[in-house]
Asker: 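The structure follows.
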Amino acid sequence: MSKFPSTKPILTITVQMKSLRLLFERNSSPAKTTTSSSKFKRPKLSSISNGSDSSQSSSSQDPLQTHFSSLIKSSETTLQLRQIHAQILRRHLSSSANLTTLLISVSSSLKSIPYALSIFNYSHHKSLFLFNALIRGLTENSHFQSSVSHFLLMLRHRSVAGLGLRFLGLILHGRIIKSGVEFDPFVRVSLVEMYVKLEEMGFALQVFDESPERNKSVSILLWNVLINGCCKVGDLEKAMELFEAMPKRNIGSWNSFINGLMKNGDLNKAMQLFDEMKEKDVVSWTTIVNGLSQNGDHQCCSNRKALSMFFKMLEVGLRPNDLTLVSALSACAKIGALEAGVRIHNYFVENGLRLNKATAAALVDMYAKCGNILSTSKVFEVTKEKDIRTWSVMIWGWATHGFYGQAIRCFKKMMFSGIKPDAVVFLALLTACSHSGQVDLGLNFFDSMRFDYSIEPTMKHYTLVVDLLGRAGRLDEAMKFIQRMPISPDFVAWGALFCACRAHKNIKMAELVSKKLLQLEPKHPGSYVFLSNVYAAVGRWEDVERVRMLMQNQAVGKDPGWSYIEVNGQMHSFVAGDHDHKRAREIYLKLEEIVSGAREQGYMPETGWVLHNIEEEEKEDALGSHSEKLALAFALMNTPPGTTIRIVKNLRVCGDCHSLMKCASKMSQREIILRDIKRFHHFKYGVCSCGDYW
């Protein structure tokens, strides 16, 4: 049971549940109940339900609304009610939730259900009481299928928690049983769906089990809804049992179960069922593409598979829908598959597809995360429908690529367009300021978010402020900020401060912060690696060894570094120290050639980035096996001169790799774009876009 900080929410729920009970009692029609005699006082209840519904809460004080309320309640025919409704519309009072609720209640009591539905459908503000009035009217007039449908609609409009909707669902079910229509096939499906939406799977299964065999044998939808519910709550075993027991299946059955498997992370079983399908529609393919992309995160194999399935879908002649396209573009963005993303963009152009808000945002995001910020800007500029998501993605793109000025200008344009910033936009702005060293401006944005826009900062916002101060070397301020946070700082927030301590070689503060990190997540490898890095940087090798032994005793393993690169439409992955690649010997020879040439340009391996207390020559060998260097060598071997090289790395790039990339860009006369876990680095003519502030 939820624990509320005060008694007000509990009082709200109690009053609401009381009102629901009154609404479903036979002798409590609002049309026949006056304000003076009824315990059910609508204006007050509405204000509790809606909080900010001024039209209803003030109705008792408005003489005109009070007059119309009396007229509505005294109506004896639908004609009279329509005439009163017309006068309400003429006087621009249709926004009054109280009057609209009364119109629906009275029209229902006069058996004019089509009119009640019409009033409901044209209402712009569908409050809890509006739904209650309609559902009660539909139930009273034996329109059970419609009453359950509108109950399900209400679940999509309102949060289930705290509104007493489970209670209302049980009452509705009880009325259906009393009316003797509970075995109607359509009503049966609606009841199961209602309990699935409420995540009351015990009741859903009970309704299913008590259904006549004839219902189960003919209603595939009944099975599909229940299977979907089992997947929703993570009961895949029951879902599989139901799927295998189905007397007949349609495409929807397969799609529903495959989608459930995907959402629960069982990709292998989902792919197995997909392969077994004799007939596949666009939903089938979209389910697979979206599922693989969602589960892939930044794993190359799942996202590569998602893209492979998308292009197979095109080969079989099916036209993707918006979700298919967005999912495929998302997969491209996660692994930096620019060439695949360009193919999808070309599909838009060749087939005359118009960019809408969802597809435009996905396309902008894809180009930004694949390292082509100029194409990102071009797509953004030609997009006519820009919502807050589109703007935030563009600002994020400029920010992560290190173009602070463009990020701020884009933000100003958004403001001039009339769109108010949200929490995500402020995350992007703080990121832009952090990467460019604009500390004071970043702090101003943080204050503006709270005081000008009443946006409550999340842990991510606080962490970015810590990062902002820490990068600039203002460690004492960062420590004070983190200690004064109104919410307890998490591992990432302390980790941002720790990284700053290492960068500025503040050993004392680093040791203090490391204790916080180990308290929060004693099994997280980052805590130990961070501390080892700090000790190694100042040559305290005994402390390095002590931390390493502690890692071994705690059975903590360090996350391996890996990098992706796309060459000729194919994704290639490399792991630090990788010798398994079929061209490993050629790659290492090419890397030796790069390092040799870089030395002539003044490059010296920065062995301080190696943790172990070993000889300098051995340290250089350890640095030489970093995954981004292997990816660089492979790209130089397999792409024509002048081709831009784009690398995606899962960890923060080390200082030595950063230095080598600068030299390599100058020697090869190429632009090298490296995306690490923090930002993009554009290496060109021996210079990085980050200005070495990273």
Side-chain angles (χ1 to χ4, degrees), residues 19-20 22-46 49-50 53-151 153-154 157 168 172 175-176 178-179 181 186-187:
S19 70
L20 297 176
L22 286 168
L23 281 170
F24 279 87
E25 288 176 359
R26 290 185 178 275
N27 298 321
S28 60
S29 171
K32 299 177 183 178
T33 306
T34 63
T35 305
S36 60
S37 62
S38 175
K39 295 180 181 179
F40 175 36
K41 298 181 180 181
R42 290 182 178 278
K44 291 183 180 179
L45 283 169
S46 178
S49 175
N50 298 314
D53 192 345
S54 59
S55 62
Q56 190 167 344
S57 62
S58 62
S59 62
S60 60
Q61 300 174 0
D62 187 335
L64 189 58
Q65 290 196 36
T66 303
H67 175 64
F68 274 115
S69 294
S70 300
L71 290 175
I72 293 170
K73 292 172 184 177
S74 62
S75 298
E76 296 181 355
T77 66
T78 304
L79 178 60
Q80 289 178 356
L81 196 62
R82 287 178 181 273
Q83 290 171 340
I84 296 166
H85 191 187
Q87 293 301 316
I88 290 172
L89 294 172
R90 284 187 62 190
R91 285 166 173 77
H92 305 291
L93 295 173
S94 59
S95 61
S96 169
N98 187 38
L99 294 180
T100 306
T101 302
L102 282 172
L103 284 169
I104 291 174
S105 296
V106 174
S107 60
S108 298
S109 68
L110 294 172
K111 310 297 182 185
S112 184
I113 293 300
Y115 185 44
L117 286 167
S118 175
I119 296 168
F120 178 84
N121 291 333
Y122 281 98
S123 174
H124 295 295
H125 304 287
K126 293 179 172 61
S127 66
L128 177 63
F129 281 88
L130 208 63
F131 272 106
N132 286 344
L134 181 66
I135 294 168
R136 179 185 182 279
L138 292 168
T139 308
E140 290 284 346
N141 287 276
S142 300
H143 290 262
F144 298 108
Q145 173 68 21
S146 186
S147 67
V148 178
S149 296
H150 281 85
F151 180 80
L153 180 63
M154 180 169 66
H157 274 72
L168 177 56
L172 186 56
R175 294 297 300 275
I176 289 171
K178 286 182 180 179
S179 301
V181 294
F186 296 105
V187 172

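Just so it is clear, the model here is predicted, and its values are computed rather than measured.
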Asker: If every non-hydrogen atom of Gly137 is compared with every non-hydrogen atom of Ile113, which pair is closest and at what distance?
Answerer: O-CD1, 3.7 Å

Asker: Can you tell me how far apart CG (Leu117) and CG (Asn121) are? Round to the nearest 0.5 Å.
Answerer: 6.0 Å

Asker: Is Leu103 close to Ile88 at the side-chain level, that is, under 4.5 Å between some pair of heavy atoms?
Answerer: yes

Asker: To the closest 0.5 Å, what do you measure between CD1 (Ile84) and OG (Ser75)?
Answerer: 3.0 Å

Asker: Measuring from atom CD of Gln83 to atom OG1 of Thr77, what distance do you get when rounded to the nearest 0.5 angstrom?
Answerer: 7.5 Å

Asker: Any non-hydrogen side-chain atom of Ser107 less than 4.5 Å from a side-chain atom of Thr78?
Answerer: no

Asker: The criterion is side chain to side chain donor-acceptor pair (under 3.5 Å); which residues satisfy it with Gln87, sequence neighbours excluded?
Answerer: Arg91

Asker: Can you measure from OG (Ser109) to NZ (Lys73) and round to the nearest 0.5 angstrom?
Answerer: 12.5 Å

Asker: Which pairs pass ring-ring contact (aromatic ring centres under 6.0 Å, His included) with one or both residues in residues 97-121, sequence neighbours excluded?
Answerer: His85-Tyr115, Phe120-Phe131, Phe120-His150

Asker: For Phe68, enumerate each residue passing the ring pair (Phe, Tyr, Trp, His ring centres under 6.0 Å) test, keeping only those at least two apart in sequence or located in another chain.
Answerer: none

Asker: Is Leu99 close to Ser69 at the side-chain level, that is, under 4.5 Å between some pair of heavy atoms?
Answerer: yes

Asker: Counting distance only, does the side-chain N/O of Ser105 pair as donor-acceptor with the main-chain N or O of Thr101 below 3.5 Å?
Answerer: yes

Asker: At their closest point, which heavy atom of Thr100 faces which heavy atom of Ile119, and how far apart are they?
Answerer: CG2-CG2, 3.8 Å

Asker: I need the Ile72 CD1 to Leu102 CG distance, nearest 0.5 Å.
Answerer: 5.5 Å

